[in-house]
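These notes are about the structure you will find just below.
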Amino acid sequence: MFEARLLSRRRLLASVAAVPILAASADGASLSGTMPWSPFAGEPPKPINPLGWYFFTPGEAATVEAIVDRFIPADHLSPGGKDCGCAVFIDRQLAGAFGQASRLYTRPPFAKGLPTQGYQGDLTPAGRYRLGLRALNDHTNTAYKKSFVALSPAEQDEVLTGLDGGTIQLKLRPGFSTKEFFELVLQNSMEGFFADPLYGGNKGMASWKMIGFPGARYDYRDHIDKHNVPYPKGPVSIYGMEG
């Protein structure tokens, strides 16, 4: 299990409280103002195929599955990160627009950014993952004579603690730090754990059930005023699947 400074499920829950939830328009009008509005008229997200890997090599996939299982270990509250599909979520994101930074400006010159600004450079998220995972296994093969996947859970925690705390510095490239790699994987793991299942993570809506989140259920106004009373119905995904 992680030391205090590493991710715990309680830290996950605390992070969710800081994420703004965007409410849908209440009047039923589309963004273009065209009436009448029809469901799914605005290029809705498509459920991913959960089989296979679109971006990761088999070795990379195994490493990421091991990492997400240490970030989110299985317990009585939910399955672990691997069984919840966090690695599948990350793989599909890296294979798409996010992985290629298609909506970001990535041309030089690059100035050193503030901590709040994140990575400042020309590496796409896909490139950062590929470089970081290779450097991670280079480190463990040197320090432990084993790949990250082959380490014991305690050794994996030791490595991740070092990446987070700065005692381990991977051989990356100027402008891309070990801490940035760690935080990228951590952030994406949390996103995969709490995202709608249609994106590949949160399998079986495990995280939503854990925190009592109703998901995209159309109407639960009868329960809004019932403070400190558990919501009696299970969560619903964007596409109407019930957990």
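Inspection of the Gln187 and Glu183 side chains reveals no N or O donor paired with an N or O acceptor under 3.5 Å.
Pro79 is listed as a side-chain neighbour of Cys84, based on a closest heavy-atom distance under 4.5 Å. Between Tyr129 and Ile90 there is a side-chain heavy-atom pair separated by less than 4.5 Å. In this structure, the side chains of Lys203 and Pro197 stay at 4.5 Å or more apart for every pair of heavy atoms. Put simply, the side chain of His223 reaches to within 4.5 Å of the side chain of Pro232, judged on heavy atoms. At least one side-chain heavy atom of Phe71 sits under 4.5 Å from a side-chain heavy atom of Val185.
Residues in residues 91-101 take part in no salt bridge (charged side-chain N to carboxylate O under 4.0 Å, His left out) pair, two or more places apart or across chains. For residues 224-234, the pairs satisfying side chain to side chain donor-acceptor pair (under 3.5 Å) are Arg217-Tyr231, with sequence neighbours left out.
Under the 3.5 Å distance criterion, the side-chain polar atoms of Ser78 are left unmatched by any main-chain donor or acceptor of Ser207. With Lys179 contributing its side chain and Asp164 its backbone, the two residues share a donor-acceptor pair below 3.5 Å. Side-chain N or O atoms of Lys171 include none that pairs as donor or acceptor with a backbone N or O of His139 at under 3.5 Å. A donor-acceptor pair under 3.5 Å is absent between the side-chain atoms of Thr178 and the main chain of Gln169, judged by distance alone. The backbone N or O of Asp196 lies less than 3.5 Å from no partner atom in the side chain of Asn202, so there is not a single donor-acceptor pair. Remark: side-chain polar atoms of Gln100 are not paired, donor with acceptor, to backbone N or O of Ala126 under 3.5 angstrom.
For Tyr119 and Phe181, the ring centers are positioned 6.0 Å apart or more.
To the nearest 0.5 Å, atoms CD1 (Ile224) and CG (Asp219) are separated by 8.0 Å. Between atom CZ of residue Phe194 and atom SG of residue Cys86 there is a gap of 9.0 Å, rounded to the nearest 0.5 Å. The distance from atom CZ of Arg70 to atom CZ of Phe148, rounded to the nearest 0.5 Å, is 8.5 Å. Atom CG in Asp138 sits 10.0 Å away from atom CG in Leu172 (nearest 0.5 Å). Separating the CG atom in Leu160 from the CD atom in Gln156 is a distance of 7.0 Å, to the nearest 0.5 Å. To the nearest 0.5 angstrom, Leu170 atom CG is 11.5 Å from Arg134 atom CZ.
Qualifying side-chain contact (heavy atoms from CB on, under 4.5 Å) partners for Glu155, counting only residues two or more places apart in sequence or in other chains: Tyr144, Lys146, Leu151, Ser152. Pro47 pairs by the side-chain contact (heavy atoms from CB on, under 4.5 Å) definition with Leu198, Tyr239, not counting sequence neighbours.
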Worksheet entry | Ile48 vs Phe89, side chain to side chain contact (heavy atoms under 4.5 Å, CB included): CA-CA, chis, key distance, verdict | CA-CA 9 Å; Ile48 62 95; Phe89 169 86; over 6 Å; no
Worksheet item: Could you go step by step and tell me if Val159 and Leu136 meet the side chain to side chain contact (heavy atoms under 4.5 Å, CB included) rule?
Response: CA-CA 9 Å; Val159 171; Leu136 173 61; 3.7 Å; yes
Practice prompt. Please lay out, stage by stage, how Arg173 and Leu131 fare under the test side chain to side chain contact (heavy atoms under 4.5 Å, CB included).
Written response: CA-CA 9 Å; Arg173 57 176 278 185; Leu131 179 62; 3.7 Å; yes
Atom pairs and distances, donor-acceptor, side-chain atoms in residues 53-69, under 3.5 Å, two or more places apart:
from	atom 1	to	atom 2	distance (Å)
Thr57	OG1	Glu60	N	3.2
Thr57	OG1	Glu60	OE1	3.4
Glu60	OE1	Thr57	N	2.9
Glu60	OE1	Arg130	NH2	2.6
Glu60	OE2	Arg130	NE	2.8
Thr63	OG1	Gly59	O	3.1
Thr63	OG1	Asn137	ND2	3.3
Asp69	OD1	Gly81	N	3.1
Asp69	OD1	Lys82	N	2.9

Could you list the donor-acceptor pairs under 3.5 angstrom formed by side chains in residues 101-116, with sequence neighbours left out?
from	atom 1	to	atom 2	distance (Å)
Ser102	OG	Ala97	O	3.4

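Val149 and Leu133 fall into different hydrophobic clusters, where Ile, Leu, Val, Met, Phe, Trp and Tyr side chains are chained together by heavy-atom contacts under 4.5 Å.
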